[in-house]
Amino acid sequence: HVQLVESGGGSVQAGGSLRLTCAHSGATSGSVCMGWFRQAPGTEREVVSVISGDGDNTYYGDSVKDRFIISRDGAKNTIYLQMDGLRPEDTAVYLCAAKESNYCHNWRTWRSWSRWGQGTQVTVS
């Protein structure tokens, strides 16, 4: 059973940076595909970035390409999301997610993910 805990959200001015962290437990770090989604009030949950269980493959939503970088530390069972060049439209609750597989099939579709953290608020003004 995978448990996910996010941290690192906050408020920042446009153009600033934040780094989100998601610590996961209950499964071998290298065994699960992990990702970040975000959801603003009244909008559909959308994918931000995804990383495979072995860290060899990363994927990004179109709106964050070239601004955000996802990474993982297998030894610490943790993934990170470095967010640079933040914009007001990045404001949302950011949620960490995990699959039960090393592979990230159907990664864009939030309903295909089985585990979720509680979320951390990111506000850009």
Side-chain angles (χ1 to χ4, degrees):
H1 180 72
V2 175
Q3 292 183 318
L4 308 172
V5 179
E6 305 99 333
S7 62
S11 296
V12 65
Q13 291 187 335
S17 299
L18 285 173
R19 189 192 196 202
L20 304 184
T21 299
C22 175
H24 62 93
S25 62
T28 302
S29 172
S31 68
V32 295
C33 172
M34 304 283 295
W36 292 96
F37 285 73
R38 67 187 183 186
Q39 189 166 20
T43 67
E44 182 80 4
R45 190 169 297 185
E46 68 167 339
V47 67
V48 176
S49 186
V50 169
I51 187 165
S52 61
D54 57 12
D56 286 349
N57 297 291
T58 58
Y59 311 90
Y60 294 90
D62 292 340
S63 62
V64 305
K65 285 179 180 178
D66 301 323
R67 296 189 298 126
F68 293 7
I69 297 175
I70 192 170
S71 60
R72 71 189 301 155
D73 184 334
K76 296 181 180 179
N77 289 346
T78 301
I79 66 168
Y80 306 94
L81 185 69
Q82 178 65 41
M83 305 186 294
D84 297 322
L86 283 162
R87 305 167 179 168
E89 53 264 39
D90 294 319
T91 295
V93 174
Y94 283 68
L95 302 109
C96 183
K99 289 183 175 285
E100 301 293 345
S101 167
N102 173 59
Y103 302 103
C104 301
H105 297 304
N106 206 20
W107 57 274
R108 289 185 181 272
T109 305
W110 70 266
R111 293 179 178 84
S112 74
W113 293 74
S114 55
R115 303 294 181 187
W116 294 90
Q118 293 298 308
T120 184
Q121 177 70 43
V122 171
T123 302
V124 185
S125 59

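These numbers come from a predicted model, not from an experiment.
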CD/Q118: more than 12 non-hydrogen atoms of other groups inside 6.0 Å | no
Distance-minimising heavy-atom pair for M34 and L4 | CE-CD2, 3.6 Å
T91 versus R38: any side-chain heavy-atom pair under 4.5 Å?
-> no
Are side-chain heavy atoms of R67 and D90 found at a separation under 4.5 Å?
-> yes
Do W110 and E44 have a side chain donor and acceptor closer than 3.5 Å?
-> yes
Expected output: side-chain D54 to main-chain N102 donor-acceptor under 3.5 Å = no
Correct closest heavy-atom pair for R87 and S63 would be NH1-O, 4.1 Å
So how far is it from S52 OG to H105 NE2, rounded to the nearest 0.5 Å?
-> 11.0 Å
If you take all heavy atoms of V48 and V64, which pair is closest and at what distance?
-> O-CG2, 3.3 Å
Examine distances only and state if a side-chain atom of S101 and a backbone atom of Y103 form a donor-acceptor pair shorter than 3.5 Å.
-> yes
Identify whether NZ of Lys or CZ of Arg in R45 sits under 6.0 Å from the centre of the six-membered ring of W113 and within 45° of that ring's axis.
-> no
Under a 4.5 Å cut-off applied to non-hydrogen side-chain atoms, are E6 and L20 in contact?
-> no
Following the transitive rule for hydrophobic clusters with a side-chain heavy-atom cut-off under 4.5 Å over Ile, Leu, Val, Met, Phe, Trp and Tyr, establish whether V50 and W116 coincide in one cluster.
-> yes
Any side-chain hydrogen bond (donor to acceptor under 3.5 Å, both in side chains) involving residues 10-21? Give me the pairs, sequence neighbours left out, ordered by first then second residue.
-> S17-D84
Pairs where residues 95-125 contributes a residue and the test disulfide bond (SG atoms under 2.5 Å apart) is met, not counting sequence neighbours = C22-C96, C33-C104
Check whether V124 and L18 end up in the same hydrophobic cluster, where Ile, Leu, Val, Met, Phe, Trp and Tyr are linked by side-chain heavy atoms less than 4.5 Å apart.
-> yes
Working to the nearest 0.5 Å, report the span between CG of D62 and CZ of R108.
-> 5.0 Å
Mark yes or no for whether Y60, through its side chain, and I70, through its backbone, hold a donor-acceptor pair below 3.5 Å.
-> yes
In terms of hydrophobic clusters joined by side-chain contacts under 4.5 Å, are M83 and I51 together?
-> yes
Report the relative orientation of the aromatic rings in Y94 and F68; use parallel for angles under 30°, tilted for 30 to 60°, perpendicular for over 60°.
-> tilted
Transitive ILVMFWY side-chain link I79 to V47, under 4.5 Å = no
Check: K99 side chain, S112 main-chain N or O, donor-acceptor pair, under 3.5 Å | yes
